[in-house]
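Input: a single structure, listed below in structure tokens.
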Amino acid sequence: MVDWTHERHAAAAVTRIERMARTVEGADFSTPVPTCPGWDLRQLVLHTGAVHRWAASMVRDLASERLDRTAIEAGFADLPSEELAAWLHKGAGLLDEALTAHDAGAPMWAWGGDRHVRFWSRRQLHETVVHHADAALALGEAPGIAEDVAIDGVEEFLDVLPYARRWRPEVRELAGDGETISWRTGSGAAWLITLGPEGFSYERSAARATATLHTDTAAELLLVVWRRGELERHRLEGETKLLRWWADHSMI
């Protein structure tokens, strides 16, 4: 099992940004992105690159409050399409410089529960993993997500999901009376989600559950939980309505 640290997350984020830049280099940026309805490849890359620069700005200054991202996005709205891949790649260096300038535990603003620099190295890795998958799928390529990255990505999703209720009110409804959801992968990773009156909790476990989703790999599971993969293409057991209900209420 990989021992994920701030430094490892930061390095992996840089690698993933560089891979995404190579994926979109020379592409037709008017290509629709089916996993981001209404977006084309240009909009996807501009969003992703702006998020990297937004995060880098906040980490660099150890911001105590959220910076406005819309201003950053607007500043690059007219960037020529032939420069997009290089611009995206440049963002990897900016993010890496910011993330490696501070200790993992340096306090700063974050929208999740871990309000330290280390939140952003992990978040930017998985932000980029998902958007690289968007780009690859739009261009007919495989996302190519390593299992160790995907396993951490699934858990990062579960860690940040409760905090998304600020802009996704439906997340507040992810509660219950003890019902359980199992996510199991053919590579051995498994999670048990328990729905309690105050919300949900999770643990690494292959215990029996009210409903179970089976995927061949953690990478496939990561795409499903981020709504980049189709739930119905995988094996579902038990009260399958519960799995669909979770999917509908956990889209962030």
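As the structure is a prediction and not an experimental result, all values here were calculated from the model.
Residues Trp39 and His47 place their aromatic rings such that the two centres sit under 6.0 Å apart.
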*Evaluate the criterion side chain to side chain contact (heavy atoms under 4.5 Å, CB included) for residue pair Tyr163 and Val171; output intermediate values, then yes/no.*
CA-CA 9 Å; Tyr163 299 93; Val171 173; over 6 Å; no

*Passes side chain to side chain contact (heavy atoms under 4.5 Å, CB included), Thr215 versus Thr217? Steps please.*
CA-CA 6 Å; Thr215 62; Thr217 65; 5.5 Å; no

*Carefully, step by step, assess His6 and Ser121 under the rule side-chain hydrogen bond (donor to acceptor under 3.5 Å, both in side chains).*
CA-CA 6 Å; His6 165 64; Ser121 57; 2.9 Å; yes

_side chain to side chain contact (heavy atoms under 4.5 Å, CB included) for Ile145 and Leu223? Distances and angles first, verdict last._
CA-CA 10 Å; Ile145 306 170; Leu223 294 178; 4.0 Å; yes

_Test salt bridge (charged side-chain N to carboxylate O under 4.0 Å, His left out) applied to Arg60 and Glu97, step by step_ = CA-CA 8 Å; Arg60 184 189 61 235; Glu97 182 179 2; over 6 Å; no

*asked:* Under the criterion side chain to side chain contact (heavy atoms under 4.5 Å, CB included), I'd like the reasoning laid out for Lys90 against His52: C-alpha separation, chi angles, the key distance, then a yes or no.
replied: CA-CA 10 Å; Lys90 184 177 180 180; His52 296 151; over 6 Å; no

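Heavy-atom contacts from other residues, nucleotides or ligands closer than 6.0 Å to CZ of Arg208 number 12 or fewer. Summarising the local packing, CZ of Arg166 is surrounded by more than 12 heavy atoms from other residues, nucleotides or ligands at distances under 6.0 Å. Summarising the local packing, CD of Glu25 is surrounded by 12 or fewer heavy atoms from other residues, nucleotides or ligands at distances under 6.0 Å. The number of heavy-atom neighbours closer than 6.0 Å to CD of Glu65, taken from other residues, nucleotides and ligands shown, is 12 or below. Heavy atoms from other residues, nucleotides or ligands lying under 6.0 Å from CD of Glu82 number more than 12.
Rounding to the nearest 0.5 Å gives a distance of 4.0 Å between CZ of Phe200 and CH2 of Trp246. Expressed to the nearest 0.5 Å, how far OG of Ser205 lies from CH2 of Trp183 amounts to 14.0 Å. With rounding to the nearest 0.5 angstrom, the CG atom of Leu88 is 7.0 Å from the CD1 atom of Ile17. Rounded to the nearest 0.5 angstrom, Trp245 CH2 and Glu239 CD are separated by 12.0 Å. Here the NE2 atom belonging to His126 is positioned 12.5 Å from the CZ atom belonging to Phe157, to the nearest 0.5 angstrom. Considering OG1 of Thr128 and CG of Leu95, their distance stands at 7.5 Å, rounded to 0.5 Å.
Checked by atom type and distance alone, the side chain of Thr180 pairs as donor or acceptor with a backbone atom of Thr210 at under 3.5 Å. For Arg172 (side chain) and Arg165 (main-chain N/O), a donor-acceptor pair under 3.5 Å exists by modelled atom type. In terms of modelled atom types and a separation under 3.5 Å, the side chain of Arg168 and the main chain of Ser250 share no donor-acceptor contact. Between the side chain of Glu203 and the backbone N or O of Leu192 there is no donor-acceptor pair closer than 3.5 Å. Panel note: side chain Arg69, backbone Ala50; no donor-acceptor pair is recorded below 3.5 Å. Judged by distance alone, with hydrogens and angles left aside, the side-chain atoms of Arg19 form a donor-acceptor pair with the main-chain N or O of Gly144 at under 3.5 Å. A distance-only check finds a donor-acceptor pair linking the side chain of Asp68 to the backbone of Thr70 [under 3.5 Å]. The backbone N or O of Asp40 lies less than 3.5 Å from a partner atom in the side chain of Gln43, making a donor-acceptor pair. A distance-only check finds a donor-acceptor pair linking the side chain of Glu147 to the backbone of Ala219 [under 3.5 Å].
Contact detail for Ser57 and Leu67: the closest heavy-atom pair is CB-CD1, 4.1 Å. The two residues Phe119 and Asp114 come nearest to each other via the heavy atoms CB-O, 2.9 Å. In this structure, Glu173 and His249 approach most closely via the heavy-atom pair OE1-NE2, 3.1 Å. Taking all atoms of both residues into account, the shortest heavy-atom contact from Ala56 to Leu94 is CB-O, 3.8 Å. Shown here for Met251 and Glu170, the closest heavy-atom pair between the two residues is O-OE2, 4.3 Å. Closest non-hydrogen pair, Leu213 versus Leu231, comes out as CD1-CD1, 3.8 Å.
Between Ile181 and Tyr202, every side-chain heavy-atom pair lies at or beyond the 4.5 Å cut-off. In this structure, the side chains of Leu195 and Leu242 come closer than 4.5 Å at one or more pairs of heavy atoms. A heavy-atom distance below 4.5 Å is not found between the side chains of Pro34 and Arg228. Side-chain atoms of Val117 and Asp103, non-hydrogen and from C-beta on, never get closer than 4.5 Å to each other. The shortest distance between side-chain heavy atoms of Trp111 and Arg66 does not fall below 4.5 Å. Inter-residue side-chain proximity for Arg118 and His9 is flagged as unmet; no heavy-atom pair is nearer than 4.5 Å. Within the 4.5 Å cutoff, no side-chain heavy atoms of Glu73 are placed close to those of Leu46.
In this structure, a donor-acceptor pair under 3.5 Å is absent between the side chains of Arg184 and Thr212.
A single hydrophobic cluster is seen to contain both Val224 and Leu161, as judged by linkage of ILVMFWY side chains at heavy-atom distances under 4.5 Å, directly or through other members. A chain of hydrophobic side-chain contacts below 4.5 Å, direct or via other Ile, Leu, Val, Met, Phe, Trp or Tyr residues, connects Trp226 to Leu125. No continuous path of hydrophobic side-chain contacts links Trp87 to Val14 [ILVMFWY only; heavy atoms under 4.5 Å]. Grouping the Ile, Leu, Val, Met, Phe, Trp and Tyr side chains by contacts below 4.5 angstrom, directly or via other members, places Leu158 with Val129. A chain of hydrophobic side-chain contacts below 4.5 Å, direct or via other Ile, Leu, Val, Met, Phe, Trp or Tyr residues, connects Phe29 to Met20.
Salt-bridge check for Glu155 with Arg204: passed, with a basic side-chain N closer than 4.0 Å to an acidic carboxylate O. A salt bridge between Asp159 and Arg122 is present, with a side-chain N of the basic residue lying under 4.0 Å from a carboxylate O of the acidic one.
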